[in-house]
Amino acid sequence: MPVLIYVLTIVYLVAINFYGILMLNFQKKARQDGDEENIAISDTKLFLAGLLGGATGIFVFMFIFKYRLKSLFMMVFMPVLIALNVYVIILILNGGFGLYLT
């Protein structure tokens, strides 16, 4: 049973990071096309994806895409969310949320 928890945690983290990367890419393309009024992906949605576990992917791909690097909000809060995500993952994997598996 603990192996299932590990596998589900890894699959979830890969999926939410991929989702955050796609949102960042779509936001960049919409702004480059000059479609400012129809941008469906706001910074709040990126922040929420980072809070749910995708902060690492968003932060790394901000540098790869060279996008949102001047945004103080994104450059400060994404590393904070990475630390929070790592802490929560450690709690989950160590049974800190009451997931006592026998």
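V76 and V86 fall into different hydrophobic clusters, where Ile, Leu, Val, Met, Phe, Trp and Tyr are joined by side-chain heavy atoms under 4.5 Å apart, directly or via other members. Linking Ile, Leu, Val, Met, Phe, Trp and Tyr residues whenever their side-chain heavy atoms come within less than 4.5 Å places Y6 and I89 in a single cluster. Transitive grouping of hydrophobic side chains (ILVMFWY, heavy atoms separated by less than 4.5 Å) brings Y19 and L48 into a common cluster. F18 and I64 fall within a single hydrophobic cluster, where Ile, Leu, Val, Met, Phe, Trp and Tyr are joined by side-chain heavy atoms under 4.5 Å apart, directly or via other members.
Inter-residue side-chain proximity for R31 and R68 is flagged as met; some heavy-atom pair is nearer than 4.5 Å. Looking at heavy atoms from C-beta onward, L81 lies in side-chain contact with M78 at the 4.5 angstrom threshold. Side-chain atoms of M23 and I58, non-hydrogen and from C-beta on, never get closer than 4.5 Å to each other.
In terms of heavy atoms, Q27 sits closest to L46 at OE1-CD1, 3.2 Å. A pairwise comparison of heavy atoms in G20 and A49 identifies CA-CB, 4.5 Å as the closest pair.
Using cut-offs of 30° and 60° for the angle between ring planes, the F77 and F47 rings count as perpendicular.
One N or O on the side chain of N85 and one on the backbone of G50 form a donor-acceptor pair closer than 3.5 Å.
Each of K28, M74, M62 was compared with Y67 under the side-chain contact (heavy atoms from CB on, under 4.5 Å) criterion, and only K28 meets it.
The line from CG of L24 to CZ of F61 is 9.5 Å long, rounded to the nearest 0.5 Å.
Heavy atoms from other residues, nucleotides or ligands lying under 6.0 Å from CZ of F65 number more than 12. Within 6.0 Å of the CZ atom in F73, the count of heavy atoms belonging to other residues, nucleotides or ligands exceeds 12.
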Show me the side-chain donor-acceptor pairs of residues 8-17 shorter than 3.5 Å, one per line, residues at least two apart or across chains.
residue: T9; atom: OG1; partner: I5; partner atom: O; Å: 2.7
residue: Y12; atom: OH; partner: L52; partner atom: O; Å: 2.6
residue: N17; atom: OD1; partner: G57; partner atom: N; Å: 2.7
residue: N17; atom: ND2; partner: L13; partner atom: O; Å: 2.7

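Between F59 and F63, the distance from one ring center to the other falls under 6.0 angstrom.
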